Amino acid sequence: MAAAAAGPGAAAGLWSEVNRCGQNGDFARALKSVNKILQISKDDVTALQCKVVCLIQNGNFKEALSIINTHTKVLTSDIIAFEKAYCEYRLNRIESALKTIQSASQQTDKLKELYGQVLYRLERYDDCLAAYRDLIRNSQDEYEEERKTNLSAVVAAQSTWEKVVPEDLGLREATYELCYNSACALIGQGKLNEAMKKLQKAEELCRQSLSEDSDVTEEDIEAELAIIHGQMAYIMQLQGRTEDALQLYNQIIKLKPTDVGLLAVIANNIITINKDQNVFDSKKKVKLTNAEGVEHKLSKKQLQAIEFNKALLAMYTNQADQCRKLSASLQSQSPEHLLPVLIQAAQLCREKQHAKAVALLQDFADQHPANAAEIKLTMAQLKIAQGSVTKACMILRSIEELQHKPGMVSALVTMYSHEEDIDSAIEVFTQAIQWYQQFQPKSPVHLSLIREAANFKLKHGRKKEAISDLEELWKQNPKDVHTLAQLISAYSLVDPEKAKVLSKHLPSSDTMSLKVDVDALENSHGATYVRKKAGKLTGDNQQKEQGQGEVKKKKKKKKGKLPKNYDPKVTPDPERWLPMRERSYYRGRKKGKKKEQVGKGTQGSTTAGSSELDASRTASSPPTSPRPGSAAAVSATSNVIPPRHQKPAGAAATKKKQQQKKKKGAKGGW
């Protein structure tokens, strides 16, 4: 800041104070002195300009812009164009900043630098690239490295968002920022392995650069590396290494970086990995995408992707109204985009409103013919889900640009065959063959379709039509033995004489002899296994033949095991092989005493054990501590354990032990 011309005595001292504070970087103190000067002379241009600079240095952009707009007569655009544009840029009024720069009478180097930043934020990457090239070409100062970094960032953005193949700028990747931007450009081209190597180099350079500063802690280094690690995790996600990617993403979130844009992107990527699973984690992560200032940190496509995922998450969590609201908002912002209408259709399908979903897709296809193919494929899928296969075929056949594709032909033929509509299937083949005959007659797909059509017709009894197709194939390539063999096979079913005539065109067995290495074939794995197996069988037969005259050795029988309680002096029970119930001495099971007490006599009669069931006799006993074995153990309270899980008490436990002794070796449990 330059001091103004000498004024009153008090003002001169204040200007000296402003100069000294400005050189020391103490702009808060300088601002106080400037305000005192303005009290003496409120329209002093230099004082007003100094006040604006002090406010900008202190981060008070709104107040600085207010002063500029209030004193437009004094602070003209020629004097304060850069400061005004910079305030508008920092307040995220990007369009206003662009107008201010373009309206300036003189384009200084500072304005050109700011112009490049504004163009980048507006995503006008071609103009931005030209602006930075001009700056690098016509500037020689200590900021050259920063300009090259910005230039590489523009190239990376073009590669990522506009799918432009980046040109080699010849920049020496001596800093981690340049390495990082180069890796982003490679990701945009799909060169993931190369990009990962660049990111690893960027990490190494970053550690080296920051570790040289003794004031930088390990936490500071990790915070600076967060963006590099985030891009590494993204590459892992693209490569299908989702577990590794998730682990790295969560490590970055634990660091709590101050960059809200980075956190929003990482949270969005985690949501895409979760999909319709782990929705509670996704609902937590989605809050990070709503942080203040995120919209100014990310590109339009990044913000759009986040909004799409919010709508999908609302659908997965059964928030139908929220899903419809978000998808409708997205559709109003991008009427030609496919995803909003597809999300709406998916939500309708979840609500079992398939007819409305198809109608919605049909309206979109009519309004946007350029995107009709993808929409019609979705409509066909919905029709198949409803069981309307024929209608699905009609929709697929209406997609003119896909009618001749082998995949579409195969799908239609399969579907028509499922519906047993052979004529329509053959018609699909015919239309596709005619298209290739007209536009790509020498294409291998053309010949392949003719052969497939012939095979299909033979399979479904259309022999004459199949023969016509095979003859066409043979005419195009008379040396094709495979086609000739098929043709002979087809004629043998219709006209055997014609088949005999055609068979003369087959090459002789001598000309068809194949050069086969018999030894190599016999020594192959499969042949060796068969030979060994055959040899083993032959050896067995020889042994059998040799042993025909020999007396066969008798095998010794093993003695059976006797019971542990076997007594040789006691004669075994002759009826031991019969079931117990069928034996002559069986008298039935002995009935227990407790069973005799239950269920005897007429309804309402009492038994000998009724005294135990009399509640008046056990009134003195506490209800929570019943006597063992008594019926009072069963309470009517709601927290009773079901009987199958209760532990037996008293006599019941003794009885269970007796049963376990009788049934030795039986499995326990219920």
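Please read all numbers here as calculations on a predicted model, not as lab measurements.
- The side-chain heavy atoms of S282 and I270, taken from C-beta on, include no pair separated by under 4.5 Å.
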E123 and K301: CA distance, side-chain angles, deciding distance, salt bridge (charged side-chain N to carboxylate O under 4.0 Å, His left out) verdict = CA-CA 10 Å; E123 299 181 23; K301 289 191 175 181; over 6 Å; no
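- Remark: the S388 side chain and the Q386 side chain contain no N/O donor-acceptor pair separated by less than 3.5 Å.
- Between the side chain of S448 and the main chain of P444, no donor-acceptor pair closer than 3.5 Å is present.
- For the residue pair N290 / K310, a side-chain donor-acceptor distance below 3.5 Å is found, with atom types taken as modelled.
- E144 is not listed as a side-chain neighbour of S139, based on a closest heavy-atom distance of 4.5 Å or more.
- Proximity of S327 to Q347: side-chain heavy atoms (C-beta onward) are nowhere separated by under 4.5 Å.
- Not a single donor-acceptor pair under 3.5 Å links the side chain of S334 to the backbone N or O of E336.
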Given side chain to side chain contact (heavy atoms under 4.5 Å, CB included), test L98 with Y115 step by step and report yes or no.
-> CA-CA 7 Å; L98 180 64; Y115 181 59; 3.5 Å; yes
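- Within 6.0 Å of CD in E400 there are 12 or fewer heavy atoms belonging to other residues, nucleotides or ligands.
- Annotation: side chain of Q440 is in contact with side chain of W435 (closest heavy-atom distance under 4.5 Å).
- Here the closest non-hydrogen pair linking A195 and I235 is CB-CD1, 3.8 Å.
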Yes or no on salt bridge (charged side-chain N to carboxylate O under 4.0 Å, His left out) for R207 and E203, after CA distance, side-chain angles and deciding distance?
-> CA-CA 6 Å; R207 286 189 184 278; E203 181 181 8; 3.7 Å; yes
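- Using modelled atom types, no side-chain atom of T100 and backbone atom of A85 make a donor-acceptor pair closer than 3.5 Å.
- Side-chain polar atoms of S96 and E88 form no donor-acceptor pair below 3.5 angstrom.
- Partners of D281 by salt bridge (Lys or Arg N to Asp or Glu O under 4.0 Å), not counting sequence neighbours, listed by chain and number: K285.
- Looking at V216 and S211, their side chains never come closer than 4.5 Å, going by heavy atoms from C-beta outward.
- The distance from atom CG of N250 to atom CG of L255, rounded to the nearest 0.5 Å, is 11.0 Å.
- Taking both residues in full, the closest heavy atoms of A226 and I252 are given as O-CD1, 3.7 Å, listed atom of the first, atom of the second, then distance.
- Checked by atom type and distance alone, the side chain of E374 never pairs as donor or acceptor with a backbone atom of N371 at under 3.5 Å.
- Heavy atoms from other residues, nucleotides or ligands lying under 6.0 Å from CD of E292 number 12 at most.
- Two residues are said to be in side-chain contact when any heavy atoms from C-beta on lie closer than 4.5 Å; Q231 and I187 meet this criterion.
- Here E351 does not pair with K356 in a salt bridge; the nearest charged N to carboxylate O distance is not below 4.0 Å.
- By the 6.0 Å contact criterion, CD on Q251 is enclosed, its count of non-hydrogen atoms from other residues, nucleotides or ligands being greater than 12.
- Between the CG atom in L382 and the NZ atom in K391 there is a gap of 13.0 Å [rounded to 0.5 Å].
- In this structure the side chain of E243 never reaches within 4.5 angstrom of the side chain of M236, judged on heavy atoms.
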Does the side chain to side chain contact (heavy atoms under 4.5 Å, CB included) test come out yes or no for F308 and L326, once each step is laid out?
-> CA-CA 8 Å; F308 285 143; L326 288 168; over 6 Å; no
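- Annotation: cation-pi geometry not satisfied between R147 and Y132 (NZ/CZ under 6.0 angstrom from ring centroid, within 45° of ring axis).
- Residue C128 holds its SG atom at 8.5 Å from CD of Q158, rounded to the nearest 0.5 Å.
- A side-chain donor-acceptor contact under 3.5 Å links S152 to the backbone of T149.
- The CG atom of L65 lies 9.0 Å from the OG1 atom of T70; values are rounded to the nearest 0.5 Å.
- Under 3.5 Å, the side chains of Q331 and Q344 contain a donor-acceptor pair of N or O atoms.
- Between the side chain of H368 and the backbone N or O of A370 there is no donor-acceptor pair closer than 3.5 Å.
- Qualifying side chain to side chain donor-acceptor pair (under 3.5 Å) partners for R29, counting only residues two or more places apart in sequence or in other chains: E17.
- For the 3.5 Å distance criterion, the side chains of Q239 and D244 fail to qualify, holding no donor opposite an acceptor.
- Around atom NE2 of H296, more than 12 heavy atoms belonging to other residues, nucleotides or ligands sit under 6.0 Å away.
- What you find for V294 and A264 is that their closest heavy atoms are CG1-CB, 3.9 Å.
- Taking a 6.0 Å sphere around CD of Q140, one finds it holds 12 or fewer heavy atoms contributed by other residues, nucleotides or ligands.
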Evaluation steps, side chain to side chain contact (heavy atoms under 4.5 Å, CB included), between I56 and R90 | CA-CA 10 Å; I56 289 172; R90 292 300 301 269; over 6 Å; no
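- A donor atom on one side chain and an acceptor atom on the other are not found under 3.5 Å apart for E204 and Y176.
- Using modelled atom types and a 3.5 Å distance limit, the side chains of E177 and N181 yield no donor-acceptor pair.
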Take N318 and R350, measure what side chain to side chain contact (heavy atoms under 4.5 Å, CB included) needs, and give me the verdict at the end.
-> CA-CA 9 Å; N318 297 319; R350 285 173 75 91; 3.1 Å; yes
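- Classification of the Y436-H404 ring pair by plane angle, with boundaries at 30° and 60°, yields perpendicular.
- When side chains are defined from C-beta on, L246 does not count as touching Q237, because their heavy atoms never get closer than 4.5 Å.
- There is no side-chain donor-acceptor pair under 3.5 Å between N150 and E113.
- For F61, the CZ atom is densely surrounded, since the number of other residues' heavy atoms within 6.0 Å is greater than 12.
- Scanning all heavy atoms of the two residues, the minimum distance from I67 to L75 falls at O-CD1, 4.3 Å.
- Taking each heavy atom of L263 and L288 in turn, the nearest pair found is O-CB, 4.3 Å.
- N58 contributes no side-chain N or O that, together with a main-chain N or O of N60, makes up a donor-acceptor pair within less than 3.5 Å.
- Here the straight-line distance linking atom CD of E224 with atom NE2 of H229 works out to 11.5 Å at 0.5 Å rounding.
- Side-chain contact check for T217 and D220: at least one donor-acceptor pair (N or O, by modelled atom type) lies under 3.5 Å.
- Here the straight-line distance linking atom CG of L330 with atom CD of Q304 works out to 7.0 Å at 0.5 Å rounding.
- Closest approach of F82 and L111 over heavy atoms only: CA-CD2, 3.8 Å.
- Results of the side chain to side chain donor-acceptor pair (under 3.5 Å) test with D321 over Q319, K325, R324 single out R324 as the only residue that passes.
- Residues forming a side chain to side chain donor-acceptor pair (under 3.5 Å) with D276 (at least two apart in sequence, or on another chain): none.
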